[in-house]
There are 2 protein chains.
Amino acid sequence: MDHHRSDTSDVTLSGVEQLGFRALADPTRRSILRLLAASDMTIAEVAENFQMTRAAVKKHLTILDEGNLISVQTRGRSRLNTLNADGLRDVFDWFEYFNAFWDDRLNTLKTEIEKDIKTQ
Amino acid sequence: MDHHRSDTSDVTLSGVEQLGFRALADPTRRSILRLLAASDMTIAEVAENFQMTRAAVKKHLTILDEGNLISVQTRGRSRLNTLNADGLRDVFDWFEYFNAFWDDRLNTLKTEIEKDIKTQ
DNA sequence: TTGACATAATACCATTTGGTTTTATATGTA
DNA sequence: TACATATAAAACCAAATGGTATTATGTCAA
């Protein structure tokens with residue numbers, strides 16, 4: 001513990017994948033991702049699966065886009081929403097990094113216990 | 001596509017891990033998890049790492065607890081906050097299931113392309 | 001060009017969120 | 001007992017969120 005340093009940093013691709021987590025926080029948006037995993041869809045097609053208005057669905061899609069979890073290709077007068085694997089991987093990577101920490105801790109604990117047993 | 005069925009379900013442990021995602025949406029809470037990965041901490045100890053008040057930190061810890069990402073043991077007049085691997089795994093599992101969907105799609109695409117090449 | 005249609009943009013609203021300050025309630029300890 | 005300390009609880013506030021309805025804008029087709 002050095003100079004009572006305060007650290008609120010996010011460590012990862014700051015400000016980018018942060019929005020990915022935010023995007024995943026809403027159950028509707030997680031459902032949309034599931035739908036898009038099955039096939040690309042226009043806003044109207046996505047909206048068919050929910051009770052809310054198209055406008056509301058479009059807002060969710062915008063947030064998913066901001067979080068880089070989907071990408072959008074304008075095709076004529078409609079927009080095709082596609083899952084973005086890269087953005088999802090960014091979020092996933094946070095867990096990987098985190099799991100590394102966690103595993104280290106378990107390993108340390110394990111080593112300590114083994115040491116205890118041996119020196120008994 | 002069956003009877004134009006509308007499906008907004010969350011598929012997973014409904015209503016439980018949902019709160020896990022919500023808990024992860026805030027960068028402060030993700031930082032707290034990182035801290036707790038290194039060692040268990042009281043509210044006061046966690047709060048030392050941030051510029052906000054203890055009350056605010058306590059609120060974050062409550063949300064992390066509701067999302068099952070940490071567990072709390074009252075020890076005397078202080079509370080020790082501990083990382084909860086199970087809750088984290090629940091969120092992680094959502095990704096696994098999701099990746100399965102995603103992988104299926106990629107595989108299907110690959111097979112289709114191969115078919116195309118062969119029948120050329 | 002006109003009309004239908006898919007999305008965009010805006011204004012608006014209720015609720016939730018992330019923070020504060022202030023006031024309790026326990027719990028160790030002199 | 002009395003006091004300091006750690007957390008709990010409550011009231012409060014500004015901003016963000018998730019939704020609505022309404023009004024553009026752009027594109028295809030007759």
Side-chain angles (χ1 to χ4, degrees), chain A residues 4 6-10 14-16 18-36 39-67 69-82, chain B residues 4 6-10 15 18-36 39-67 69-82:
Chain A
H4 190 74
S6 76
D7 179 10
T8 57
S9 71
D10 210 11
S14 50
V16 179
Q18 190 171 349
L19 297 178
F21 274 105
R22 176 207 171 209
L24 285 169
D26 185 90
T28 300
R29 289 194 289 268
R30 293 198 297 277
S31 292
I32 291 177
L33 288 180
R34 283 270 169 83
L35 290 172
L36 294 180
S39 68
D40 298 348
M41 288 181 170
T42 64
I43 296 178
E45 284 166 347
V46 172
E48 278 175 11
N49 295 273
F50 299 92
Q51 292 133 311
M52 65 193 76
T53 61
R54 285 185 189 192
V57 169
K58 201 260 172 183
K59 277 192 180 183
H60 283 305
L61 288 168
T62 300
I63 291 171
L64 286 169
D65 190 27
E66 284 168 0
L69 301 182
I70 66 170
S71 56
V72 189
Q73 346 166 13
T74 303
R75 257 183 93 94
R77 69 178 145 179
S78 65
R79 283 174 25 144
L80 206 56
N81 300 277
T82 310
Chain B
H4 191 75
S6 78
D7 178 11
T8 58
S9 71
D10 211 11
Q18 192 172 347
L19 296 178
F21 273 105
R22 177 207 172 209
L24 285 170
D26 184 90
T28 300
R29 289 195 288 270
R30 293 199 297 277
S31 293
I32 291 177
L33 288 180
R34 283 271 170 82
L35 290 171
L36 294 181
S39 69
D40 297 349
M41 288 181 170
T42 64
I43 295 177
E45 284 165 346
V46 172
E48 279 175 13
N49 295 272
F50 299 92
Q51 291 133 311
M52 65 192 76
T53 60
R54 286 187 189 192
V57 169
K58 201 258 172 185
K59 278 192 179 182
H60 282 305
L61 288 168
T62 300
I63 291 171
L64 286 169
D65 190 27
E66 284 168 0
L69 301 182
I70 66 170
S71 56
V72 189
Q73 345 167 14
T74 305
R75 259 185 91 92
R77 70 179 145 178
S78 64
R79 283 175 23 146
L80 206 56
N81 300 278
T82 311

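Model, not experiment: these values are computed from the prediction. Below, chain A is the first sequence line, B the second, and so on; all start at residue 1.
Between A:Ile43 atom CD1 and C:dC5 atom P there is a gap of 17 Å when expressed in whole angstrom units. The CG-P distance, from B:Asp65 to D:dA8, rounds to 10 Å in whole Å. As rounded to whole Å, 13 Å separates atom C1' of D:dG18 from atom CG of A:Leu64. To the nearest angstrom, P of C:dA9 lies 14 Å from CG of A:Leu61. Atom CD of B:Glu66 is separated from atom P of C:dT16 by 13 Å (rounded to the nearest Å). One can place CD of B:Glu48 at 13 Å from C1' of D:dA6, the figure rounded to the nearest angstrom. Spacing between atom CD of A:Gln51 and atom C1' of D:dG18 amounts to 14 Å, rounded to whole angstrom units.
We find the CG-CD1 distance between A:Leu61 and A:Ile70 to be 4.5 Å, quoted to the nearest 0.5 Å.
Residues forming a side-chain hydrogen bond (donor to acceptor under 3.5 Å, both in side chains) with B:Arg79 (at least two apart in sequence, or on another chain): none. By the side chain to side chain contact (heavy atoms under 4.5 Å, CB included) test, B:Ala47 is found to be paired with B:Arg54, B:Val57, residues two or more places apart in sequence or in another chain being considered. Annotation: salt bridge (charged side-chain N to carboxylate O under 4.0 Å, His left out) contacts of B:Asp65 (sequence neighbours excluded): none. Annotation: side-chain hydrogen bond (donor to acceptor under 3.5 Å, both in side chains) contacts of A:Asp26 (sequence neighbours excluded): A:Thr28.
Between B:Thr42 and B:Leu80, the shortest heavy-atom distance links the atoms N-CD1, 3.8 Å. Taking both residues in full, the closest heavy atoms of B:Arg30 and A:Gln18 are given as NH2-CG, 3.2 Å, listed atom of the first, atom of the second, then distance. The nearest pair of heavy atoms linking A:Leu64 to A:Ala23 is CD2-CB, 4.1 Å.
Taking the side chain as every heavy atom from C-beta outward, A:Ser71 and A:Gln73 never approach each other to under 4.5 Å.
Under 4.0 angstrom from either OP1 or OP2 of D:dA8 there lies no side-chain N or O belonging to B:Arg54.
Residue contacts for B:Thr42: at a heavy-atom cut-off of 4.0 Å it reaches the sugar-phosphate backbone alone, with no base atom in range. At a threshold of 4.0 angstrom between heavy atoms, the contacts of A:Lys59 include nucleobase atoms, whether or not backbone atoms are also involved.
DNA chain D is contacted by both A:Ala25 and B:Leu80; B:Leu80 maps to the nucleotide lying nearer its 5′ end (nearest heavy atom per residue).
The A:Ala44 side chain lies nearest to C:dT7 when the options are D:dG19, C:dG19, C:dT7.
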Restricting both atoms to N or O, compile the protein contacts to nucleotides 13-17 of chain D shorter than 3.5 Å, with distance only.
residue: D:dT17; atom: OP1; partner: A:Arg22; partner atom: NE; Å: 3.0
residue: D:dT17; atom: OP2; partner: A:Arg22; partner atom: NH2; Å: 3.2

Letter by letter from the 5' end, nucleotides 21-28 of chain C scores (B base, S sugar-phosphate only, - none; protein heavy atoms under 4.0 Å) B-----BS
